[in-house]
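All of these numbers come straight from a predicted model, not from anything done at the bench. Whatever order the structure lists them in is the order used to number ligands and atoms, beginning at 1.
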Amino acid sequence: MKVLNNVDKEYLLASIRDVKDFPKPGIVFKDITTLLADAKAYNFLMDHLYARYKDAGIDFVAGIESRGFIFGAALANKLGCAFTPIRKPGKLPYTTISEKYSLEYGVDEIEVHIDAFTCKHSNPKVLLIDDLIATGGTANAAVNLINKAGANCFEACFIVNLKFLNGEALIEKNTPVYSVLEVE
Ligand code: AMP
């Protein structure tokens with residue numbers, strides 16, 4: 001499947017702003033609002049994702065709250081498939097199923113509606129998307145949640161991968177990982 005060449009990667013990476021010491025000292029936050037504010041870069045990225053997945057037979061794009069919604073909903077619409085939000089606890093109004101995961105200190109949880117992946121055929125094909133993979137904990141829980149909900153995670157897609165945290169190692173046991181951009 002399609003990947004970007006280095007020139008295109010550099011172009012997109014340059015549209016993402018680094019914010020030092022946010023939300024706490026020592027973290028370099030990859031701020032994708034500058035990519036979204038650049039219509040040409042945002043369109044280029046979405047065209048790339050469309051080209052990569054258009055023939056994959058995806059039934060659902062599932063986006064992780066909240067930045068995964070921005071890319072996921074746009075991509076689902078381009079692909080002509082459904083979009084499913086994976087949300088933080090207490091946000092979805094209907095019956096949910098949930099998955100807990102460990103943080104550096106404590107635990108967190110994500111949820112989907114119990115009927116989120118209802119489809120005309122059995123074993124619906126889901127593409128998971130988020131803006132960034134760091135330790136991989138959130139996305140790994142999302143893959144587990146997709147499986148728990150009776151669907152099949154086809155691939156986990158990220159706009160940015162913080163390679164030095166090796167988050168993809170956690171997820172690759174359960175599903176293939178594709179990162180548009182990598183930060184060493
Ligand atoms: P993790 O579960 O450690 O892979 O964290 C991934 C989630 O945290 C994603 O939803 C990201 O949006 C967010 N995140 C973690 N680190 C950063 C960072 N350096 N810059 C931007 N977002 C981040």
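- With a heavy-atom cut-off of 4.0 Å, L132 touches ligand 1 through backbone and side chain alike.
- In summary, the side chains of N140 and N174 do present a donor paired with an acceptor at a separation below 3.5 Å, with no hydrogens or angles considered.
- In terms of protein heavy-atom proximity, atom 3 (O) of ligand 1 is closest to T135 OG1, 2.5 Å.
- Placement of Y53 and V177 in two distinct hydrophobic clusters is found when ILVMFWY residues are connected by side-chain heavy-atom separations under 4.5 Å, directly or transitively.
- With P124 as reference, D59 is the one residue of I58, T84, D59 to meet the side-chain contact (heavy atoms from CB on, under 4.5 Å) rule.
- Considering backbone and side-chain atoms together, A139 places no N or O closer than 3.5 Å to any N or O of ligand 1.
- The N/O atoms of K30, backbone and side chain alike, include one that comes under 3.5 Å of an N/O atom in ligand 1.
- Using a 4.0 Å threshold on non-hydrogen atoms, atom 20 (N) of ligand 1 counts as touching the protein.
- Taking the six-membered ring where tryptophan is involved, the planes of H48 and Y178 are tilted, since the angle between them lies from 30° to 60°.
- Ring-centre distance between F60 and F83: not below the 6.0 Å cut-off.
- Considering each of I133, N140, L170, D130, the one bringing a non-hydrogen atom nearest atom 9 (C) of ligand 1 is D130.
- Heavy-atom contacts of R67 reach the following atoms of ligand 1: 11 (C), 12 (O), 13 (C), 22 (N) (cutoff under 4.0 Å).
- Residues D18 and K30 are paired through a salt bridge, judged by an N-O separation under 4.0 Å between the basic side chain and the carboxylate.
- If you number the atoms of ligand 1 from 1 as listed, the ones under 4.0 Å from a heavy atom of L162 come out as 19 (N).
- Taking a 6.0 Å sphere around OH of Y94, one finds it holds 12 or fewer heavy atoms contributed by other residues, nucleotides or ligands.
- Not a single heavy atom of I64 sits less than 4.0 Å from an atom of ligand 1.
- Heavy-atom proximity to G137, at under 4.0 Å, picks out these atoms of ligand 1: 2 (O), 4 (O).
- Atom-to-atom distance recorded for K2:NZ and D47:CG is 9.5 Å, nearest 0.5 angstrom.
- Checked by distance only, ligand 1 and G136 come closer than 3.5 Å through their nitrogen or oxygen atoms.
- At the shortest separation from atom 2 (O) of ligand 1 among protein heavy atoms lies T138 OG1, 2.5 Å.
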